[in-house]
Amino acid sequence: MNNQKIADIFDDIAKILEFKQDNIFKIRAYQKAAVTLRSLTEDIAKYAKNSSLTSLPGIGKDLADKINEILKTGTLKVYQGLKKSVPEGLMDVMSIPGVGPKKAKLLYDELKIDSVEKLKEAAEKHKLSALPHLKEKTEQNILQGIKLLSKAKERMLLGEALPAAEGVVNYLKDKKGVEKIEIAGSTRRQKETIRDIDILVASENPPEIIKEFTHMPHTEKILAEGRTKASVLTGRGLQIDLRVVDVESYGAALVYFTGSKEHNIRIRELAIKKGLKVNEYGVFTAKGTKINKKIAGKTETEVYKALNLEFIPPELREDKGEIEAALENRLPELVKPSDIKGDLHVHSNYSDGAHAIEEIANTCRDMGYKYVVISDHSKSLKIARGLSEEELKRKNKEIDQLNKKFKNFKILKGSEVDILSDGTLDYPDDVLKELDAVFVSIHSGFKQPMEKITERILKAMDNKYAHILSHPTGRLLNARDPYAVDIDRVLKHAKQTHTAIEINGNVQRLDLDDINARAAADMGIKLALTTDTHRLDNLQFMRYAVSVARRAWLTRKDALNALPLQQLLKALKK
DNA sequence: GCCGTTTTCGGCCCGACTGTTTTCAGTCG
């Protein structure tokens with residue numbers, strides 16, 4: 001993928017320039033351009049082709065030229081030159097927590113350290129403390145940082161981070177002096193992966209709260225402990241940051257601590273233009289560097305209002321158009337968990353699920369759902385005990401029987417049907433037509449080239465009984481890359497064939513992702529928010545499907561399973 | 001290197017904590 005490759009090059013350049021202590025704003029420009037590239041749903045080559053590169057945020061004439069050069073030649077002369085000018089290992093040295101460009105340069109200039117290994121050795125032999133401004137404490141911190149680096153290379157899944165963060169909040173919330181407490185940071189924004197957990201507390205006695213926090217049973221090591229701010233490391237290598245402010249500043253601190261960084265920068269720029277100043281303590285009238293009166297800060301709504309903005313839901317705070325929309329009062333009313341009327345993707349013990357259909361149905365009804373689709377695997381997927389046509393018939397019959405027991409709740413007949421290697425489906429049409437909801441998905445041939453996989457999916461969507469495309473990219477977060485699929489073509493074809501697309505809420509999948517789900521909804525494609533449940537507790541994954549949907553700016557109208565039963569059945573028909 | 005209802009130059013978000021110092025630079029988020 002061009003976008004990812006070019007973004008990586010720009011990030012690399014930024015890192016090298018950082019080491020060279022080049023202009024910080026130039027460095028930021030490269031980083032911003034990389035962020036822009038990663039958030040695009042279309043191939044950057046399309047923008048290059050119709051000369052619209054500079055219409056993208058953060059891409060000016062110079063970077064547009066560089067993008068064109070990469071697209072044309074596969075590389076960038078300036079980048080090659082920069083890479084040669086700096087030993088490769090230095091970039092790794094700079095990624096150690098606590099080591100930035102200045103320390104890396106000092107270490108390189110004085111001790112010829114150009115790799116993490118050499119740094120480790122030098123620190124262990126106490127060679128660092130011979131240098132100016134470095135003493136034993138720094139040596140220890142660097143060794144600790146190296147340990148952390150090898151431990152925490154991967155970002156944590158939202159499905160791991162959110163429960164962990166909720167655990168900390170539950171532990172602290174009843175402690176003396178805690179007036180308000182909330183999860184902040186990327187966990188609150190519901191990003192699919194999380195680096196560390198941020199918690200905000202309002203209290204009149206910050207040091208007391210800091211002490212409670214650093215003495216939690218989860219704490220393995222205290223990384224920092226100040227008057228209003230502390231960081232700890234848990235046994236599992238998870239970093240948790242706590243910030244404590246007074247109640248009057250809580251809203252401003254929550255905005256600041258929730259981020260994203262890009263959103264905060266835009267908010268603060270907007271304030272400056274209005275002659276205001278925003279920090280984590282509030283919104284202030286300001287003249288030059290002089291701060292005058294505080295005009296907001298207690299609640300987030302108040303802070304946004306002071307800048308003439310509607311309240312912006314945390315999931316949208318990525319500087320992807322939410323500030324412009326909030327200025328014009330046109331933020332979407334995001335889909336919420338209570339809008340969801342049923343789960344569409346649940347496996348029973350007919351295939352690889354753990355529970356009987358009746359048990360699943362009872363649980364779903366008790367959750368307040370109006371329907372559930374039992375969508376077991378099809379015959380070819382032997383590893384998941386896919387159903388033969390006879391078994392499927394037997395299952396359908398059982399569903400008919402069970403439905404007589406339920407009032408105001410319906411079990412729907414479904415299947416997750418394999419897309420075979422030639423793009424045909426794993427059941428014939430006369431079997432498919434007996435089903436209420438047919439998911440189609442790829443479970444084989446992941447390594448095929450993009451053209452082939454894409455054609456398979458397009459062909460599958462041509463089938464009039466293929467209602468929903470399931471986990472469209474096949475990725476497993478931190479475990480398996482998406483297969484090569486031209487998602488842009490898939491979305492266009494989904495629109496043409498009236499095929500819905502799944503947002504699979506399984507914490508390892510979250511597939512479709514937020515960026516592409518937003519593109520799909522913009523095209524008018526319906527999204528199915530599902531859990532891909534195999535055990536009853538998996539039904540809770542719906543919260544993550546909703547999280548992706550909210551990050552994708554989806555409203556209730558975009559979600560297939562926010563529809564009442566009859567309308568759902570109608571909407572599924574092609 | 002980008003950007004512009006303060007527009008082609010001169011800005012570019014803002015503050016806490018640490019380790020090393022005696023007032024601050026470096027790093028981080």
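Values below: all heavy atoms of this structure, side chains included; hydrogens, waters and symmetry mates excluded. Order of the sequence lines fixes the chain letters, A, B, ..., with proteins taken first and strands second; residue numbering starts at 1 for each chain.
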Only distances under 3.5 Å count here; give the side-chain donor-acceptor pairs of residues 8-27 of chain A to other protein atoms, sequence neighbours excluded, each with its distance to 0.1 Å.
{"unit_1": "A:Asp8", "atom_1": "OD1", "unit_2": "A:Gln4", "atom_2": "NE2", "d": "3.1"}
{"unit_1": "A:Asp8", "atom_1": "OD1", "unit_2": "A:Arg38", "atom_2": "NH2", "d": "2.7"}
{"unit_1": "A:Asp11", "atom_1": "OD2", "unit_2": "A:Arg38", "atom_2": "NH1", "d": "2.9"}
{"unit_1": "A:Asp11", "atom_1": "OD2", "unit_2": "A:Arg38", "atom_2": "NH2", "d": "3.1"}
{"unit_1": "A:Asp12", "atom_1": "OD2", "unit_2": "A:Tyr79", "atom_2": "OH", "d": "2.6"}
{"unit_1": "A:Lys15", "atom_1": "NZ", "unit_2": "A:Met91", "atom_2": "O", "d": "3.3"}
{"unit_1": "A:Lys20", "atom_1": "NZ", "unit_2": "A:Ser85", "atom_2": "OG", "d": "3.1"}
{"unit_1": "A:Asn23", "atom_1": "OD1", "unit_2": "A:Phe25", "atom_2": "N", "d": "2.7"}

Listing, residues 102-109 of chain A side-chain donor-acceptor contacts under 3.5 Å, not counting sequence neighbours, or none:
{"unit_1": "A:Lys103", "atom_1": "NZ", "unit_2": "A:Gly98", "atom_2": "O", "d": "3.2"}
{"unit_1": "A:Lys105", "atom_1": "NZ", "unit_2": "A:Asp109", "atom_2": "OD2", "d": "2.9"}

Determine, stepwise, if the pair A:Arg243 / A:Glu280 fulfils salt bridge (Lys or Arg N to Asp or Glu O under 4.0 Å). CA-CA 10 Å; A:Arg243 184 77 187 261; A:Glu280 59 258 57; 3.0 Å; yes

Does A:Leu162 form a side-chain contact (heavy atoms from CB on, under 4.5 Å) with A:Leu157? I'd like the steps, not just the answer. CA-CA 9 Å; A:Leu162 194 53; A:Leu157 304 184; over 6 Å; no

Evaluate A:Arg266 against A:Glu262 for salt bridge (Lys or Arg N to Asp or Glu O under 4.0 Å), listing each step before the verdict. CA-CA 6 Å; A:Arg266 286 292 311 278; A:Glu262 290 78 14; over 6 Å; no

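The CD-C1' distance, from A:Glu280 to B:dC17, rounds to 13 Å in whole Å. Computed from coordinates, the A:Asp196 CG to B:dC28 P distance equals 12 Å when rounded to whole Å. Between the CD atom of A:Gln239 and the C1' atom of B:dC17 there is a distance of 13 Å, given to the nearest Å. Note: CD1 (A:Ile222) to P (B:dT18) measures 10 Å, nearest angstrom. In this structure, the CZ atom of A:Phe284 is 12 Å from the C1' atom of B:dC14, given to the nearest Å. If you measure from atom CZ of A:Arg317 to atom C1' of B:dC13, you get 17 Å, rounded to the nearest angstrom. Going from atom CG of A:Leu223 over to atom C1' of B:dC28 covers 12 Å, rounded to whole Å. One can place CD of A:Glu139 at 14 Å from C1' of B:dT20, the figure rounded to the nearest angstrom.
Base pairing of B:dT8: no nucleotide in any strand meets the Watson-Crick or G-U wobble criterion (both distances under 3.5 Å).
Nucleotides B:dG26 and B:dT21 have their C1' atoms positioned 13 Å apart, rounded to a whole Å. A gap of 39 Å separates the P atoms of B:dT20 and B:dC2, to the nearest Å. Atom C1' of B:dG10 sits at a distance of 27 Å from the matching atom of B:dG29, rounded to the whole Å. Comparing the same atom, P, in B:dC12 and in B:dT7 gives a spacing of 15 Å after rounding to whole Å. Taking the C1' atom of each, B:dC14 and B:dC9 are spaced 24 Å apart, rounded to whole Å. Distance check on atom P: B:dG1 versus B:dT5 gives 23 Å, rounded to whole Å. Spacing of P atoms, B:dT22 relative to B:dC17, comes out at 22 Å, to the nearest Å. When the C1' atom is compared between B:dT8 and B:dC13, the two are found 24 Å apart, to the nearest whole Å.
Contacts between residues 240-256 of chain A and DNA chain B, defined by a heavy-atom separation under 4.0 Å, are made by A:Arg243, A:Tyr256. Contacts of residues 263-271 of chain A with DNA chain B (heavy atom under 4.0 Å): A:Ile265, A:Arg268, A:Glu269. If you check residues 59-89 of chain A against DNA chain B, the residues with a heavy atom closer than 4.0 Å are A:Ile59, A:Gly60, A:Lys61, A:Asp62, A:Leu63, A:Lys66, listed by number. Scanning residues 102-111 of chain A for heavy-atom distances under 4.0 Å to DNA chain B yields A:Lys102, A:Lys103. Using a 4.0 Å cut-off on heavy atoms, the residues of residues 10-36 of chain A that approach DNA chain B are A:Asn23, A:Phe25, A:Lys26, A:Arg28, A:Ala29, A:Tyr30, listed by number.
No donor-acceptor pair under 3.5 Å is formed between the side chain of A:Thr138 and the backbone N or O of A:Leu134. For the pair A:Thr219 (side chain) and A:Lys221 (backbone), a donor-acceptor distance under 3.5 Å is absent. Without hydrogens or angle criteria, A:Glu208 side chain to A:Asn205 main chain gives no donor-acceptor distance under 3.5 Å. Judged by distance alone, with hydrogens and angles left aside, the side-chain atoms of A:Asn504 form no donor-acceptor pair with the main-chain N or O of A:His471 at under 3.5 Å.
Evaluation of the salt bridge (Lys or Arg N to Asp or Glu O under 4.0 Å) test over residues 305-317 of chain A, restricted to residues two or more places apart or in two chains, returns A:Glu300-A:Arg317, A:Glu315-A:Arg550. Screening residues 69-78 of chain A for side chain to side chain donor-acceptor pair (under 3.5 Å) gives A:Thr75-A:Gln80 as the qualifying pairs, with residues at least two apart or on separate chains. Applying the salt bridge (Lys or Arg N to Asp or Glu O under 4.0 Å) test to residues at least two apart or on different chains, the pairs with a partner in residues 505-514 of chain A are A:Arg509-A:Asp532, A:Asp514-A:Arg551.
A:Glu166 CD: more than 12 foreign heavy atoms inside a 6.0 Å radius.
Across A:Glu225 and A:Thr214, no two heavy atoms sit closer than the pair OE2-OG1, 3.3 Å. Nearest heavy-atom pair across A:Ile181 and A:Tyr250 is C-OH, 3.4 Å. Across A:Val93 and A:Asp114, no two heavy atoms sit closer than the pair CG2-C, 4.4 Å. Residue A:Tyr544 comes nearest to A:Leu510 through the heavy atom pair CB-CD2, 3.9 Å, listed as atom of the first residue, atom of the second, then distance. Here the closest non-hydrogen pair linking A:Ile113 and A:Leu90 is O-CD2, 3.5 Å.
Note on A:Lys273 versus A:Glu269: no salt bridge recorded, every NZ/NE/NH1/NH2 to OD/OE distance being 4.0 Å or above.
With hydrogens and angles left out, the side-chain atoms of A:Asn141 and A:Glu139 include no donor and acceptor closer than 3.5 Å. Donor-acceptor pairing under 3.5 Å is recorded for the side chains of A:His263 and A:Glu322.
Side-chain nitrogen and oxygen atoms of A:Thr138 include none within less than 4.0 Å of the OP1 or OP2 phosphate oxygen of B:dT18. Phosphate proximity of B:dC17 to A:Lys229: absent, as no side-chain N or O sits under 4.0 Å from OP1 or OP2.
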If a protein heavy atom is under 4.0 Å from the base, mark B; if only from the sugar-phosphate, S; if neither, -; do that for nucleotides 5-11 of chain B going 5' to 3'. -B-----

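Heavy atoms of A:Ser231 sit nowhere under 4.0 angstrom from any nucleic acid atom.
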Return the polar atom pairs (N/O with N/O) between nucleotides 21-24 of chain B and the protein under 3.5 Å, or none.
{"unit_1": "B:dT21", "atom_1": "OP1", "unit_2": "A:Lys135", "atom_2": "NZ", "d": "3.4"}

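The side-chain tip of A:Lys175 points at the ring of A:Tyr171 from less than 6.0 angstrom away and within 45° of straight on.
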